[in-house]
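Structure first, commentary second.
For clarity, every value in this text was computed on a predicted model and none was experimentally measured.
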Amino acid sequence: MSNVVTKQYEVQNNSIGTVLNWIKSGEIGLPELQRPFVWKSSKVRDLVDSLYRGFPIGYLITWNNTTVKLKGGGSAVGKKIIIDGQQRITALRAALTGEPILNKQLESKRIKIAFNPWNEKFETTTAPIEKNKRWINDIANLFQMANTFSFINNFLLKNNDKTPTERDKAVNAIEKLHALTNNDIGNIVLSSELPIEDVTEIFNRINSKGTVLNSADFVMSKLSADEKHNGEKIRRAIDYFAKLLVNPTMLADIKNNDAGFTASNYFKQIAWAANERTDLYDPDFGDILHVILNFQFGRGKLTDLVGLISGRDFKTKTYTEEAMDKAYHELETGLLRFVNKSNFERYIMLLRSLGMISRKTLSLSGKGAINFGYSLYLLLKYQGQTTNFELETIVKKWIIMSALTYRYSGSSETQSQTDIRKFASTDPVKYLNSIVKQELPDSYWHNTLPNGALVSSSTQANVWRIFVMSQVRKHTIAWLEKDHEVADLLIEQGNIHHYFSSSFNLKKNGLSQTMYNQIANYIWITQPRNLQISDRAPKDYLADQQIIKYGNAKSFSENAIPESLKHDDYTEYEDFLVKRRQLISQKLKEYFESL
């Protein structure tokens, strides 16, 4: 048995000019918007300077799209995709060809690099340099010419005060600069037969430092390289939709800088997002891809999506044109369902009905449960086997169950795939009930929750957030108030206060910060009430007639506060925590069952 490792790549040396021609001719897929150009112009300057001096500038890793079987029996290999080196190539294209780059605001901008042939220095072009005849203020003008004679002649005419020796030096420097595109750059070419999963692993590993590129980035690169199936427009629709939700002003940038996309049907489907005024669910392009993959394809791993849009037939383990056509059709269908205004806004209404207010004010930590919730919502809606009431009940209960148990935290692709397939193939109500019975039995509410997740000091914990959501949903009057609801305090900047002030004997008696900053010791109250309580003991401030006049039994009960607090000092603190955890857990159980 051979122990020789089979190389899945070859190393080539390609000239800079060759690589730029690949991009110009469309032979290589270089997505301009997948990851906006983030280099400073000074870094572009230094890259050109390194080439001029003959220094290495790193290497590229490219991959030819997987070979696809055509209907006529032949085969085709798609465009090259840059796996590593996108920013460097974008920088060189901008500096040497004069093509504008798109920044994070989708503004089209030029990067001009200037060159002084007398001292052979490069600089970012500034207004003074523009006016200085000693400088070539934009080297792209030189590279647009087939030969340097007329360019050099015009430059020397402006500098006719220089000596013959100085003029010769300038000529040599300009010709050396013009020859820069003949310099080689290493290109590691990955085999087109390499499995999608391995290419993705390579993609992730080589980008493990600096700005990490993940599987979602790789999908976006793959889409950008496919024009036949509208891959590039689909990619832009995904990217633009995510951007419009968080920055409505981007709509004008899209209209001004991307006329081709603006004229497409995709633009008509997403433009409404600029008027969406909630931040309750702001999916990025990775979230959008995960949700579409989940509900439309019944899969969880984005590496599978790369395979699907490459034409992979998972049954025969081959790549065919038919499989690619089908995958792109499903992807487009899933995208249009995701960005559909009615679907998205109804889902936002569903989240609000859970007691959420906004991502900044009150929502769940992480996006896992909310992403899967939208996947489930869309799956059930288009299956059409449940009533709207049943659909919303299933989705709401599943979101809260998932958030309480952190079902989709960390690496959750396998779990989301299992769940979506179960919902698609079995009675959704029965599947919901079976998982709830398994994950949230009576012992969870009576023991696991009060003795586990509620023993926490983090207001970012989902268990605390869901408790507050339950109060918002029930329109609970804030503790020690007559009219103000808990929701009012969240929106109008109330305070999270301690029942037992940390400065009241807790520190003096050796309790750690983690101990006195417990969820069970937190309460949302108004600022005036916070000032009245100050650092007094509960038994003291609850004897104050200006405070306790609103502290009736209902106020204690609805805020999950044991009435024994009226008589407590620091010696009862730990007993108070135990009682309140039990009360919070009971409120959470009632909330869940009411959904």
Which heavy-atom pair separates [X] from [Y] by the least distance, and what is that distance?
X	Y	answer
V429	I394	CG2-CD1, 3.8 Å
A403	N462	O-ND2, 3.3 Å
I288	P283	CG1-CB, 4.0 Å
L380	V395	CD1-CG2, 4.4 Å
R421	G298	NE-O, 2.7 Å
V463	A453	CG1-O, 3.6 Å

How many angstroms lie between atom [atom1] of [X] and atom [atom2] of [Y], to the nearest 0.5 angstrom?
X	Y	atom1	atom2	answer
I357	L490	CD1	CG	4.5 Å
T448	L454	OG1	CG	11.0 Å
H497	N521	NE2	CG	8.5 Å
F285	L223	CZ	CG	10.5 Å
N559	L480	CG	CG	8.5 Å
L391	K396	CG	NZ	10.5 Å

Using a strict 4.0 Å threshold on nitrogen-to-oxygen distance, state whether [X] and [Y] make a salt bridge.
X	Y	result
E558	K474	no
E439	R407	yes
D282	K367	no

Are [X] and [Y] packed together at the side-chain level, in the sense that at least one heavy-atom pair is separated by less than 4.5 angstrom?
X	Y	value
R529	W479	no
I466	L364	yes
M220	D239	yes
L376	F295	no
L289	L302	yes
L308	R299	yes
L331	L293	no
Q471	E485	no

Next on the checklist: Under the rule for salt bridge (Lys or Arg N to Asp or Glu O under 4.0 Å), what residues qualify as partners of K579, not counting sequence neighbours?
Outcome noted: D575
Item to check | Matching residue for Y266 among E332, R236, K233 - test: side-chain hydrogen bond (donor to acceptor under 3.5 Å, both in side chains) | outcome: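 Result for side-chain hydrogen bond (donor to acceptor under 3.5 Å, both in side chains) with Y266: E332.
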Checklist entry - Think K566 forms a cation-pi with F556, using NZ or CZ under 6.0 Å from the six-ring centre and within 45 degrees of its axis? => result yes
Hey, is the main chain of [Y] close enough, under 3.5 Å, to the side chain of [X] for a donor-acceptor pair?
X	Y	result
S365	Q460	yes
S594	Y591	yes
S409	Y406	yes
N340	L336	no
Y444	K437	no
D284	G286	yes
R465	S363	yes
S585	R581	no
E390	T387	yes
S412	Q415	no

If we count only N and O atoms by modelled type, under 3.5 Å, do the side chains of [X] and [Y] hold a donor and an acceptor together?
X	Y	value
N343	Y374	no
Q417	N294	no
N371	Y281	yes
D568	Y499	no
Q518	S456	no
Q296	Y382	no
T278	R352	yes

Are [X] and [Y] close enough that their ring centres sit under 6.0 Å apart?
X	Y	value
W398	Y377	no
F241	W272	yes
W524	F467	no

Next on the checklist: Could you walk me through whether T526 and E481 satisfy the side-chain hydrogen bond (donor to acceptor under 3.5 Å, both in side chains) test, starting with their C-alpha distance in whole Å, then the side-chain angles of each, then the deciding distance to 0.1 Å, before giving a yes or no?
Outcome noted: CA-CA 8 Å; T526 60; E481 294 297 328; 2.7 Å; yes
Checklist entry - Is the number of heavy atoms from other residues, nucleotides or ligands within 6.0 Å of NZ (K268) greater than 12? => result yes
Checklist entry - Does CZ in R346 sit with more than 12 non-hydrogen atoms of other residues, nucleotides or ligands closer than 6.0 Å? => result no
Item to check | Mutual orientation of the aromatic rings belonging to Y522 and H498 [parallel < 30°, tilted 30-60°, perpendicular > 60°] | outcome: perpendicular
Checklist entry - Relative to each other, are the rings of W445 and F592 parallel, tilted or perpendicular (30° and 60° limits)? => result tilted
Item to check | Among L245, V339, L378, the one residue meeting side chain to side chain contact (heavy atoms under 4.5 Å, CB included) with F344 | outcome: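 Of the listed options, the one satisfying the test is L245.
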Item to check | Identified side chain to side chain contact (heavy atoms under 4.5 Å, CB included) counterpart of Y240 within the set L251, D258, D253 | outcome: D258
Next on the checklist: One pair to check against salt bridge (charged side-chain N to carboxylate O under 4.0 Å, His left out): D279 and R359. What are the steps and the verdict?
Outcome noted: CA-CA 6 Å; D279 68 343; R359 294 293 297 176; over 6 Å; no
Checklist entry - How far apart are the C-alpha atoms of L595 and T393, what are their side-chain angles, what is the distance that settles it, and do they pass the side chain to side chain contact (heavy atoms under 4.5 Å, CB included) test? => result CA-CA 6 Å; L595 296 175; T393 298; 5.7 Å; no
Checklist entry - Checking side chain to side chain contact (heavy atoms under 4.5 Å, CB included) for the pair V468/W464: CA distance, chi angles, key distance, verdict? => result CA-CA 6 Å; V468 180; W464 167 256; 3.7 Å; yes
Next on the checklist: As a quick check of understanding, evaluate side-chain hydrogen bond (donor to acceptor under 3.5 Å, both in side chains) for D544 and Q532, giving each step before the final call.
Outcome noted: CA-CA 9 Å; D544 187 329; Q532 285 179 316; 6.0 Å; no
